[in-house]
Chemist: 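So that we are looking at the same thing, I have put the structure below in structure tokens.
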Amino acid sequence: MINRNQHHIQGSENAVWKRVVKDICMLAGLIMLTGWGLASCKKCEHECERSNEDLQRLSSITDSIMELPMERALQMADSLMANCQDTTSYYDYYLLKARRLSIGSRPQDAIPYARHVIRFAQSQPDTKKNRGMEAIAYSTLSGQYHLRRVEPDSALLYARLAYEKVMASDRMDMAANLTANLADTYVMADNLPQAAHWYRRALFINDSLQMDASRSISLYMGLAQIYTSMRDYPSAEKFYKLTEQHLDELKPNMVTYFLNNYGNLFYFKGEYDRAKEKFLQMRMHVMKHEPGNLYDLELCDINLADVYLNLQRIDSALHYLKPAEKFWKNIGMEQGIYYANTIRIGIAIHENRLDEVEQILNTEQAYEEEIERNIVNIRNGYLDDYYVKRGDYRSAYRHHITIDAYNDSAEYNKVAMRTAEIMSRFSEDTLRLHHQIAIEEKNLALSRSRSQLWLSTTIVLLLLGAGTIHVIHNRKRKLQQSIDMITLKLANARQRISPHFVFNLLNEKLHGANQEERDTLMELVRLIRRNLDLVGEQYVTLDKELDFVARYVRLEQCLVTGGFEFAIQAPPEEQLATVSIPSMFIQLLTENAILHGLKKKQGHKRLTISVTTDQKGTDIRVTDNGPGFDIRHVEGRRVKTGLNVMRQTIALINQKNRTADRMRFAIHNLEKDDGSIAGCEAIIHIPHGIRYFPPIAN
């Protein structure tokens with residue numbers, strides 16, 4: 001394991017001299033770059049905007065300063081300021097100093113520098129040059145509130161001001177980045193639809209200005225972060241894999257951002273070995289390419305501590321936790337302190353030191369910052385284990401109710417994000433068309449002598465484009481309406497198993513619980529956890545669905561008078577894992593069979609789930625020996641809604657599959673030889689190679 005401070009030690013006098021010579025050469029080069037503009041500094045000081053050469057020179061200086069260790073970077077910034085003879089360039093380097101401070105050991109030191117630049121810009125004439133300077137200063141302020149997770153409203157305000165200023169400035173090269181920063185701020189505020197909107201706006205700006213393709217690649221990472229928050233892990237991983245192919249085109253700080261978020265994706269998927277690989281890669285990258293970036297280094301350390309905790313490697317977890325915990329306390333960042341305490345809780349639970357958990361919770365001070373939802377959910381997961389280990393099932397149940405209420409607001413974001421995703425496919429097509437029309441209009445203005453020909457061509461293109469947009473819009477609108485209806489109904493049907501079932505079981509078992517009843521409560525806790533996982537997935541593999549149904553039925557057997565015989569007849573799990581199905585389909589049919597079939601039957605009761613596979617596809621049968629099924633007399637809106645959603649979902653899936661064999665669902669009664677009803681059977685047929693919508697990643 002490489003020492004976390006090793007990059008500050010060169011180990012030989014020769015290496016030290018080489019570094020000094022390199023710094024002197026870089027300083028001389030920067031002064032030369034600055035000097036090239038000195039002759040014209042006073043002349044252009046009050047001009048409206050910088051020239052392309054000025055912007056390129058400033059970009060080169062910025063890249064050089066940001067890559068240096070903190071002390072040397074600040075010294076070089078001071079040298080540049082001392083050798084500059086015009087006030088605008090002076091404040092450019094003053095602002096650059098603030099940006100370098102923002103990624104140091106005390107990032108809050110950047111705030112007074114940024115505020116001073118804003119005051120200067122506002123005291124000057126309202127020019128594009130001054131608006132550009134003001135935009136970067138506002139972005140630096142927003143970044144500090146974002147970084148420290150304090151005053152989210154201020155972070156949003158400054159990010160929005162930065163966007164408005166940059167769009168009216170001479171720094172359009174920064175427009176896409178500042179727009180992406182605004183999107184990041186909305187992610188912090190848990191407003192994922194707005195975050196998606198601004199990331200797509202940043203992509204459009206980047207495309208319209210024909211900026212470097214690597215900037216679009218970095219923006220895709222923002223969309224991947226949103227998909228991770230929505231627990232749409234296949235879509236998130238698709239964007240990360242796309243970005244990974246172009247890492248050599250990204251700047252070092254964006255590579256750090258990528259590795260951190262990619263590691264988070266694997267963490268939330270429960271793939272801790274892959275998460276560890278990404279965080280270790282991130283740590284090596286920061287130490288090599290950003291040696292002064294202590295914030296990202298300790299962010300990596302605390303992530304590694306949590307990963308090693310989940311890998312049950314406590315010594316490694318403590319090794320990374322201690323320096324990270326010290327860093328967060330030194331800079332007073334409550335988000336990091338809360339996360340460090342959370343890992344302490346997890347370690348104490350793992351080592352069965354439950355009194356220490358109580359001590360941490362009792363001595364923890366109230367936080368002024370709003371803690372991120374993901375970090376709160378990580379702690380809630382550890383507290384679940386804590387209550388179970390204490391045998392305090394009543395508190396475990398109350399804790400689950402609190403978690404459910406806390407995460408309910410995510411359902412709106414989930415539906416809104418799916419809507420935004422559907423509309424984005426149409427939006428991307430129209431944006432390309434608008435971009436092409438803008439180019440044609442510029443060419444038309446430059447060639448008036450052939451205006452008639454170009455005008456006719458443009459009119460034809462516009463008419464064709466308008467007609468195409470009209471047709472696409474109508475189709476997308478109808479598809480969107482259908483999907484919105486299905487998504488909302490399906491989300492409602494999947495939201496809970498059955499409140500009646502949960503409360504009946506808890507009320508019956510909580511009083512006078514013995515060991516057997518405690519086991520039942522444990523099974524209930526596991527069922528609730530699995531149900532929460534399935535709520536966030538539209539499609540699951542058959543092995544996961546059947547495992548959930550088996551847990552559910554074991555608990556229902558306790559509530560049905562006399563119990564009932566239950567069996568699952570299915571191929572091996574490896575084969576079931578290759579078949580996907582809309583989540584909760586089998587559970588809805590099973591619940592229907594128990595509620596309206598077996599609970600009303602006297603005598604021996606039987607419920608069977610069978611899965612068979614042939615050359616055409618997979619058949620799933622849910623069979624009971626109850627009194628039969630009559631849709632006209634079904635009690636309860638939930639069952640009717642569930643069956644309707646199943647049929648509408650299958651109809652929508654079949655629209656995307658133009659093959660002879662389609663997905664089918666049927667329910668019918670079984671009869672004895674004398675014509676009397678012997679039970680009910682529901683059948684789902686899933687053909688091989690079916691394509692779901694939205695698509696399932698491989």
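For the single chain, residues carry numbers from 1 onward in sequence order.
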Chemist: For Gln602, look at atom CD and say whether over 12 heavy atoms of other residues, nucleotides or ligands are found less than 6.0 Å away.
Modeler: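 Open: at most 12 neighbouring heavy atoms sit under 6.0 Å from CD of Gln602.
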Chemist: How would you list, by chain and number, every residue that makes a ring pair (Phe, Tyr, Trp, His ring centres under 6.0 Å) with Tyr267, sequence neighbours excluded?
Modeler: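 In terms of ring pair (Phe, Tyr, Trp, His ring centres under 6.0 Å), with neighbours along the sequence ignored, Tyr267 is linked to Tyr272.
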Chemist: Do we see a donor-acceptor contact under 3.5 Å between the side chains of Asn310 and Asp306?
Modeler: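 Distance-only check passes for Asn310 and Asp306.
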Chemist: Please walk me through it: do Glu556 and Tyr552 pass side chain to side chain donor-acceptor pair (under 3.5 Å)?
Modeler: CA-CA 6 Å; Glu556 278 284 17; Tyr552 166 73; 2.9 Å; yes
Chemist: Answer with yes or no after comparing the ring centroid distance for Phe268 and Tyr233 against a 6.0 Å cut-off, counting only values under it.
Modeler: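 Not close enough - the centres of the two rings lie 6.0 Å or further apart.
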Chemist: Below 30° counts as parallel, above 60° as perpendicular, anything between as tilted: where do the rings of Phe258 and Tyr240 land?
Modeler: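 If you compare the ring of Phe258 with that of Tyr240, the planes turn out perpendicular.
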Chemist: Can you tell if the side chain of Phe585 reaches within under 4.5 Å of the side chain of Ile650, non-hydrogen atoms only?
Modeler: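 Of all side-chain heavy-atom pairs linking Ile650 with Phe585, at least one is under 4.5 Å.
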Chemist: Please determine whether a side-chain nitrogen of the Lys or Arg among Lys278 and Glu237 lies less than 4.0 Å from a carboxylate oxygen of the Asp or Glu.
Modeler: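 Looking at Lys278 and Glu237, the cut-off is not met.
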Chemist: Taking the side chain as every heavy atom from C-beta outward, state whether Val307 and Tyr320 have any atom pair closer than 4.5 Å.
Modeler: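 Of all side-chain heavy-atom pairs linking Tyr320 with Val307, none is under 4.5 Å.
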Chemist: Between Asp385 and Lys389 (salt bridge meaning N to carboxylate O under 4.0 Å), is one present in this structure?
Modeler: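 Looking at Asp385 and Lys389, the cut-off is not met.
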Chemist: Between Tyr262 and Gln281, is any side-chain donor less than 3.5 angstrom from a side-chain acceptor?
Modeler: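 Their side chains do not contain a donor-acceptor pair, so the 3.5 Å distance test is not met.
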Chemist: Excluding sequence neighbours, so at least two apart, what forms side chain to side chain contact (heavy atoms under 4.5 Å, CB included) with Asp543?
Modeler: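 Asp543 satisfies side chain to side chain contact (heavy atoms under 4.5 Å, CB included) with Thr541, Leu576, Ala577 only.
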Chemist: If only side-chain N and O atoms count, and only distance matters, is there a donor-acceptor pair under 3.5 Å linking Gln312 with His350?
Modeler: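 Checked: His350/Gln312 side chains show no N/O donor-acceptor pair below 3.5 Å.
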Chemist: Would you call Asp619 and Lys616 a salt bridge, taking side-chain N to carboxylate O under 4.0 Å as the test?
Modeler: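 Between Lys616 and Asp619 there is no salt bridge, as every charged N stays at least 4.0 Å from the carboxylate O atoms.
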Chemist: Can you check whether Met663's main-chain N or O pairs, donor with acceptor, with Asn654's side chain at less than 3.5 Å?
Modeler: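 Here the side-chain-to-backbone pair exists.
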